[in-house]
Participant: 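Here you go, one structure.
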Amino acid sequence: QVQLVESGGGLVQAGGSLRLSCTTSGRTFSSYAMGWFRQAPGKEREFVATISRGGISTYYGDSVKGRFTISRDNAKKTVTLQMNSLKPEDTAVYYCAAVASLSGSRVAEEYDYWGQGTQVTVSS
């Protein structure tokens, strides 16, 4: 079982930055590729970013490419999402997720474990 806990959400003005973190107490963190997804009210869950087990490969959703950066520290069992140049349309609940694969996935249904989510609100 992998338990994921997100932190770092909050309220920020457009153009600002936030750093989300996701930690786990599980012993097998390095066995999982990790991903970030988000869901705004009335919208479907959207892929944000994913990172491979070793942190070598990363992929981003088109709407965040060039503004967000995903990284991981397997020793600290943490995955981080650095969000810069935030826009009001980035407002959503952000979820961390783990998938038992090497390279990660853009497909939410493929993930095995999910965190409870953290709210990010970007004001205009």
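FYI, the numbering just counts along the sequence from 1. The figures that follow rest on heavy atoms only: side chains count, while hydrogens, waters and symmetry mates do not.
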Participant: Verify the cluster assignment for Ile51 and Tyr113: are they in a single hydrophobic cluster under the rule of side-chain heavy atoms below 4.5 Å apart?
Facilitator: yes
Participant: Is the side chain of Glu6 donor-acceptor paired with the backbone N or O of Gly117 at a distance under 3.5 Å, no angle test?
Facilitator: yes
Participant: Students often mix this up, so state it plainly: with edges at 30° and 60°, are the rings of Phe47 and Phe37 parallel, tilted or perpendicular?
Facilitator: perpendicular
Participant: Show, in sequence, the C-alpha distance, side-chain angles and deciding distance for Thr28 and Val2, and conclude whether the side-chain contact (heavy atoms from CB on, under 4.5 Å) test is met.
Facilitator: CA-CA 8 Å; Thr28 57; Val2 177; 4.2 Å; yes
Participant: Would you give the length of the straight line joining atom CZ of Arg72 to atom CD1 of Ile56, rounded to the nearest 0.5 angstrom?
Facilitator: 10.5 Å
Participant: Heavy atoms only: give me the nearest Thr80-Ser21 pair and the separation to one decimal.
Facilitator: OG1-OG, 4.0 Å
Participant: What are the two closest heavy atoms between Val48 and Val64, and how far apart are they?
Facilitator: O-CG2, 3.4 Å
Participant: With rounding to the nearest 0.5 angstrom, report the CG to OG distance, Leu102 to Ser31.
Facilitator: 11.0 Å
Participant: Would you call Leu86 and Phe68 a side-chain contact if the rule is heavy atoms closer than 4.5 Å?
Facilitator: yes
Participant: Decide side-chain contact (heavy atoms from CB on, under 4.5 Å) for Trp36 and Met83; before the verdict, give the C-alpha distance in whole Å, the side-chain angles of both, and the deciding distance to 0.1 Å.
Facilitator: CA-CA 12 Å; Trp36 286 96; Met83 306 186 295; over 6 Å; no
Participant: Restricting to pairs with a member in residues 49-61, which pass side chain to side chain donor-acceptor pair (under 3.5 Å), not counting sequence neighbours?
Facilitator: Thr50-Tyr111
Participant: Kindly check if the number of other-residue, nucleotide or ligand heavy atoms within 6.0 Å of CD (Gln3) is above 12?
Facilitator: no
Participant: Side-chain donor-acceptor contacts of residues 89-98 below 3.5 Å, not counting sequence neighbours, with atom names and distances?
Facilitator:
unit_1, atom_1, unit_2, atom_2, d
Asp90, OD1, Arg38, NH1, 2.9
Asp90, OD1, Arg67, NH2, 3.0
Asp90, OD2, Arg67, NH1, 2.8
Asp90, OD2, Arg67, NH2, 3.4
Asp90, OD2, Lys87, N, 2.8
Thr91, OG1, Pro88, O, 2.9
Thr91, OG1, Val122, N, 2.9
Thr91, OG1, Val122, O, 3.4
Tyr94, OH, Arg38, NH1, 2.9
Tyr94, OH, Asp90, O, 2.6

Participant: Would Val99 end up clustered with Leu81 when hydrophobic side chains under 4.5 Å apart are linked, directly or stepwise?
Facilitator: no
Participant: Which residue pairs pass the disulfide (SG to SG under 2.5 Å) test when at least one of the two sits in residues 57-86, sequence neighbours left out?
Facilitator: none
Participant: Please find the pair of heavy atoms, one from Asn74 and one from Gly54, that lie closest to each other, and give the distance.
Facilitator: ND2-CA, 4.4 Å
Participant: Donor-acceptor pairs under 3.5 angstrom involving side-chain atoms of residues 8-19: please list them, not counting sequence neighbours.
Facilitator:
unit_1, atom_1, unit_2, atom_2, d
Ser17, OG, Asn84, OD1, 2.9
Arg19, NH1, Gln82, OE1, 3.0

Participant: Please find the pair of heavy atoms, one from Asp112 and one from Ala100, that lie closest to each other, and give the distance.
Facilitator: OD2-N, 2.8 Å
Participant: Partners of Thr23 by side-chain contact (heavy atoms from CB on, under 4.5 Å), sequence neighbours excluded?
Facilitator: Val5, Thr78
Participant: Between Glu110 and Ser105, is there a side-chain donor-acceptor contact under 3.5 Å, judged purely by atom types and distance?
Facilitator: yes
Participant: Just to verify, what does Lys65 make a salt bridge (Lys or Arg N to Asp or Glu O under 4.0 Å) with, not counting sequence neighbours?
Facilitator: Asp62
Participant: So, for Ser101 and Gly104, which heavy atoms are closest and what is the spacing to 0.1 Å?
Facilitator: OG-N, 3.3 Å
